[in-house]
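See below for the structure under consideration.
Treat the numbers as computed from the prediction; the structure is a model and nothing was measured.
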Amino acid sequence: MRAYLARVDAVLVQAVIAAALSFAHLHDLASAAGQDGWKAWAYPVSVDLLLVAAWKRLRSGASKAAGWCWFVVALAASLGANVATAGLLDLADVPDWLRILVAGWPAVAFLGGTLLAHTAPAAETASASVEPAEAVSASAEPETAGPPAGSEPEPKQPAPHVPAALVNHARKLADDHRSRTGSPIDTDTLRARLGVPAPLADAIASRL
C-alpha cells in the first residue's frame, strides 16, 4: 500500500510541475505576442480546458477520432509554447505569424471545446434512435393472417401512436435521402432504415 501511494504521489508531483511550467510558458508567450494583463493568463487556461475536454471524450470510448484530433491540437499549443520560450525564440521580437496564431487561438479553442462537450458521439445517437424504434416495435400489434372465409371483417385497427422523437429521426433520414438521391424517401426504404413494422412506417411517412 505504501509503495502504491509513493508511486501515486510521484505522479502527482510530476503532473503539478509539468502543469505549472506549461502554464507559465503559455503565459509568457501570450504576453510577448501582445496579449497583456488578464488576457495572457487566459491563454493557458483555454489550452488546459481543451486538453481536459479531449481527454474526457477519449475516456468516453466513442468518437475517439475527434478526441485525438483536438488533444493533438491542444498538446501542440502547449509544447510549442514550451519550446518557443526555451531560448529558441526572441520574446522581444515575436514574428507576425506567431502573433496571428496567438490572436486566433481563442476561437480555435472555443470551437474545439464546443464540439467536444456539446456534440453527442455517433454511437450514442445511433443507440438513441434504435431504442425508440425497438420500444415502438414491441408495442405495435403483430401482423396476422387475414380472416377466414365467411367470417365478418374485423374492424379497422387505429393507426399506431408515433413518438415525436421517432418522427424527428425519420425526418432527418428523409432529408439525408433527398440530399443524396434528389428524390423523396419511399415507405419501404424508410421502414428498412428504421427497422419498424409496415403500419408504423406508413404512419411515420404520412407525417413527414
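Looking at residues two or more places apart in sequence or on another chain, you find no side chain to side chain donor-acceptor pair (under 3.5 Å) involving Ser31.
Between Ser78 and Val47 the shortest heavy-atom distance is CB-CG1, 4.2 Å. Closest non-hydrogen pair, Ala66 versus Arg57, comes out as CB-NH1, 4.4 Å.
A continuous path of hydrophobic side-chain contacts links Tyr43 to Leu98 [ILVMFWY only; heavy atoms under 4.5 Å]. Taken together through direct or relayed side-chain contacts under 4.5 Å among Ile, Leu, Val, Met, Phe, Trp and Tyr, Trp70 and Val52 form parts of separate hydrophobic clusters. Each of Leu26 and Trp55 belongs to its own hydrophobic cluster when Ile, Leu, Val, Met, Phe, Trp and Tyr are linked at side-chain heavy-atom distances under 4.5 angstrom. If you chain together hydrophobic residues whose side chains sit under 4.5 Å apart, Leu51 and Trp68 fall into the same group. Both Leu115 and Trp105 belong to a common hydrophobic cluster when Ile, Leu, Val, Met, Phe, Trp and Tyr are linked at side-chain heavy-atom distances under 4.5 angstrom.
Note that the NE2 atom of His27 and the NZ atom of Lys39 stand 12.0 Å from one another [nearest 0.5 Å]. Summarising the geometry, atom CG belonging to Leu29 is positioned 10.5 Å from atom NE2 belonging to His25; distances are rounded to the nearest 0.5 Å. Here the CD atom belonging to Gln35 is positioned 9.5 Å from the CZ atom belonging to Arg99, to the nearest 0.5 angstrom. To the nearest 0.5 Å, atoms CH2 (Trp41) and CH2 (Trp38) are separated by 14.0 Å.
Between Leu116 and Leu50 the shortest side-chain heavy-atom distance falls below 4.5 Å.
No side-chain donor-acceptor contact under 3.5 Å links Thr189 to the backbone of Ile185.
Under the salt bridge (charged side-chain N to carboxylate O under 4.0 Å, His left out) criterion, the residue pairs touching residues 178-188 are Asp176-Arg180, with sequence neighbours excluded.
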